[in-house]
Number of protein chains: 2
Amino acid sequence: MEKDVTIYDIARLLQLSPATVSRALNDHPAINSNTKHMIASKAKEMGYRSNMFASNLRRQRTSTIGVIVPRLDSYFMSTVLAGMEKVANDANYNLIISQSLESVKKEVANAKTMFDSRVDGLLVSLAADTENLDHFNTFFQKGIPMILFDRIMPQKNCTNIVIDNVKAGYDATSHLIEQGCRRIMHMTGNIKRNVYEDRLKGYKLALMDHGLTVDDALVQLTNLTRQDGLQMADHIKHMASPPDGLFVANDFCAVSCMGALKANGFSIPGDIAVVGFNNDPVSQVIEPNLTTVHYPGQEMGEIAAQSLINHLNGLLRINTTNTILLNYELVVRASSLRTPPAESR
Amino acid sequence: MEKDVTIYDIARLLQLSPATVSRALNDHPAINSNTKHMIASKAKEMGYRSNMFASNLRRQRTSTIGVIVPRLDSYFMSTVLAGMEKVANDANYNLIISQSLESVKKEVANAKTMFDSRVDGLLVSLAADTENLDHFNTFFQKGIPMILFDRIMPQKNCTNIVIDNVKAGYDATSHLIEQGCRRIMHMTGNIKRNVYEDRLKGYKLALMDHGLTVDDALVQLTNLTRQDGLQMADHIKHMASPPDGLFVANDFCAVSCMGALKANGFSIPGDIAVVGFNNDPVSQVIEPNLTTVHYPGQEMGEIAAQSLINHLNGLLRINTTNTILLNYELVVRASSLRTPPAESR
DNA sequence: TTGTAAGCGTTATCAG
DNA sequence: CTGATAACGCTTACAA
């Protein structure tokens, strides 16, 4: 439990001033490279570590980025965070991560914590029931930059990072139509959230473009839980004319619904072709494997973090690029393929 | 982008000394409760927020706890973290969370980051290939407390929080035996990790206690990935005498294996009864629903965080309680029930 | 019950 | 290229 080494200790031993040591350690250009080396090696030898608190106090910044996400327990989010961590580490930023558990109340509390922690910037994906961004006003007022990703909401001077959910919904639906589906059901989440609203839009557009009518009875808004998937299967079972295609805005729910449909004697994709969303690993657990939309999680995390850091370092004015669209990919698997696939039975 | 309010500002307006303001804000007993109220309301009115960096610098502590986990993308881990966040927030501690992605190399890097961030304490669940705790020596030397949870390793002066994995493995296996299984296969992970080693021990003990012999060919060490589950199904398919019971140390892998077994014509639980581990939501997606061992994630997170915080606050000497065992529960579902269940078909 | 003043470890400014 | 010095905002002996 020895005392921490400070730049004063190094300075004393090297007969230099603390200022010089500080500059050397920060690779200041005005320092002789010999002294730099000498200081660096002495610092390592003594086990010196910079005191972030003194440094933060002095510089009035924290080198910390706050991250607020709805939940941590999805494969997608885990890859997003891995991407953010990678970029943040490389740029010597720390991450403070918290989950809102889909509740705006907790999101408000998280925002307050982040504010009190004086994060330099914020990366946020909104909770299901968030209706406005008022709880981030303190950040906006102080000019602390914030980037929204995936679950976004239009906001002046705030970059958004998403995939084109309308187009993805369109592609998913069009794929089902191409496979011969004519009565396609769409099961989605709270359409307050852009991701669900947009996928629904894409679904409707695809139907219209292919000369099919939009039947509101075939659009189901739920919370996309396992339970919702089961109930939907039950609902379909009791429909006078059940759908021949099903587009679910979330793999997990799609998978639970598929299971129940199969148990009720529906054949997939024969009776009902199914497409999910996210390319979660469960999509490859279910039989038949689930067709889905691949979401570039790692990339989304990296780009969000990098954009924020660039902005903080003055390398990129964040409000010039207001929305960044990432590429997605429709991954076709057996659950929607009516033309016999060449892969595993 | 106004200037931050400090205790000096409050002091000036209230004709008090900064010291009094500081004490009042920290609820120091020696301050008149009237002045306390007056200061508190003024502080709120002015939008004062404490500067953690100045405070940390002065107090030589950070009120920050570091968390290192193998991955964030499991339901289990998400609930653990929710529990930790809850406790930490209530006690005014911050959490810095990072994932090792099951790699000891990244775990080492994470530990270094945590050390440089001067966390007051550490909550760790080890990566798959971690062989020793040398990378935490800096913490031990400085007397920074560390608690291991779930993926643990014996270490002096370091509390461990786990369930009794031996007993849980024993119960899972015994349950299969009670359902009439006589050739029970066990599929588990890297037995460097206590959780897998112990579940294997429990499996062997249960067999022996019930007069069954342990057949090494029925013990399969893998990485418990989806792929491993599929391969295991293939392996079973080609066995001269396939098992009639299967105990997998992880729900996700169990589920992938079950899917492939079904596709290969095995009936579950008829031909092979299956038990998983963790009570992951996927266990209720697969048909038949998977029997599994419920893991108390939220509780584990809460207890880990609370124990660490108690130690930091001097309320509990951490080395007196060296291992905390939490209760688990065998959740019996259709995948292992040969006596017809009363629930959904 | 309140005030005074020193100091936590850095970094920025100004001077040399 | 290097040094002296003054902050940054807070806490805590010690005094009153």
Side-chain angles (χ1 to χ4, degrees), chain A residues 1-40 42-43 46-64 92 94 115-118 120 142 313, chain B residues 1-40 42-43 46-64 92 94 115-118 120 142 313:
Chain A
M1 187 104 81
E2 332 87 42
K3 196 82 176 45
D4 263 328
V5 179
T6 73
I7 53 173
Y8 279 84
D9 301 324
I10 300 177
R12 196 172 339 103
L13 262 73
L14 255 35
Q15 311 267 50
L16 287 167
S17 80
T20 305
V21 176
S22 171
R23 285 192 271 249
L25 259 15
N26 288 306
D27 206 21
H28 189 109
I31 299 286
N32 186 308
S33 73
N34 290 326
T35 40
K36 258 186 203 170
H37 286 128
M38 145 167 295
I39 288 172
K42 196 72 183 174
M46 299 176 71
Y48 168 81
R49 57 174 175 161
S50 159
N51 186 321
M52 303 178 113
F53 301 100
S55 176
N56 288 340
L57 176 59
R58 183 55 230 241
R59 304 177 120 127
Q60 305 282 48
R61 62 200 299 256
T62 66
S63 297
T64 297
N92 284 312
N94 278 337
F115 188 69
D116 290 341
S117 301
R118 287 176 150 76
D120 289 342
K142 274 222 165 350
N313 294 340
Chain B
M1 188 105 81
E2 333 86 42
K3 196 82 175 46
D4 264 327
V5 179
T6 74
I7 52 173
Y8 281 85
D9 301 325
I10 300 176
R12 196 173 338 102
L13 262 73
L14 256 34
Q15 310 267 50
L16 288 167
S17 81
T20 305
V21 175
S22 169
R23 284 192 270 251
L25 259 16
N26 288 307
D27 207 19
H28 188 108
I31 299 286
N32 185 309
S33 73
N34 290 326
T35 40
K36 258 185 203 170
H37 286 127
M38 145 168 293
I39 289 172
K42 196 72 182 175
M46 300 177 69
Y48 168 81
R49 54 174 177 162
S50 158
N51 186 321
M52 304 179 110
F53 302 101
S55 175
N56 288 339
L57 177 58
R58 182 54 227 242
R59 300 178 126 127
Q60 305 281 49
R61 62 202 299 257
T62 66
S63 297
T64 297
N92 285 310
N94 277 338
F115 189 67
D116 289 341
S117 302
R118 286 177 151 74
D120 289 342
K142 273 222 164 351
N313 294 340

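If you're wondering where the values come from, they're calculated on a predicted model, not measured in any experiment. Sequence lines set the chain letters: A, B, ... in the order given, protein chains first and strands last, and positions in each chain run from 1.
- A cation-pi arrangement is present between B:Arg49 and A:Phe115 under the rule of less than 6.0 angstrom and at most 45 degrees off the ring axis.
- In this view, A:Tyr48 satisfies the ring-ring contact (aromatic ring centres under 6.0 Å, His included) rule with no residue, not counting sequence neighbours.
- Between the C1' atom of C:dT2 and the CD1 atom of B:Ile39 lies a distance of 10 Å, rounded to the nearest Å.
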Where protein sits on nucleotides 8-16 of chain D, one letter per nucleotide: B base, S sugar-phosphate only, - none, heavy atoms under 4.0 Å: BBBBBB---
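- No side-chain heavy atom of B:Asn51 sits under 4.5 Å from any side-chain heavy atom of B:Thr6.
- Counting heavy-atom neighbours within 6.0 Å of B:His28 NE2, excluding the residue itself, gives a total above 12.
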side-chain contact (heavy atoms from CB on, under 4.5 Å) assessment of B:Asp27 paired with B:Lys36: CA-CA 8 Å; B:Asp27 207 19; B:Lys36 258 185 203 170; 3.1 Å; yes
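- A donor-acceptor pair under 3.5 Å links the side-chain atoms of B:Asn32 to the main chain of B:Asn34, judged by distance alone.
- Near DNA chain C, defined here as any heavy-atom distance below 4.0 Å, the residues from residues 27-38 of chain B are B:Ala30, B:Ile31, B:Asn32, B:Thr35, listed numerically.
- The minimum heavy-atom distance between B:Ser63 and B:Asn56, with the atom names listed, is N-OD1, 4.5 Å.
- The side-chain heavy atoms of B:Ser117 and B:Thr64, taken from C-beta on, include no pair separated by under 4.5 Å.
- If you take CG of A:Asn56 and C1' of D:dA7, they are 16 Å apart, rounded to a whole angstrom.
- Between the CG atom of A:Leu14 and the P atom of D:dG3 there is a distance of 10 Å, rounded to whole Å.
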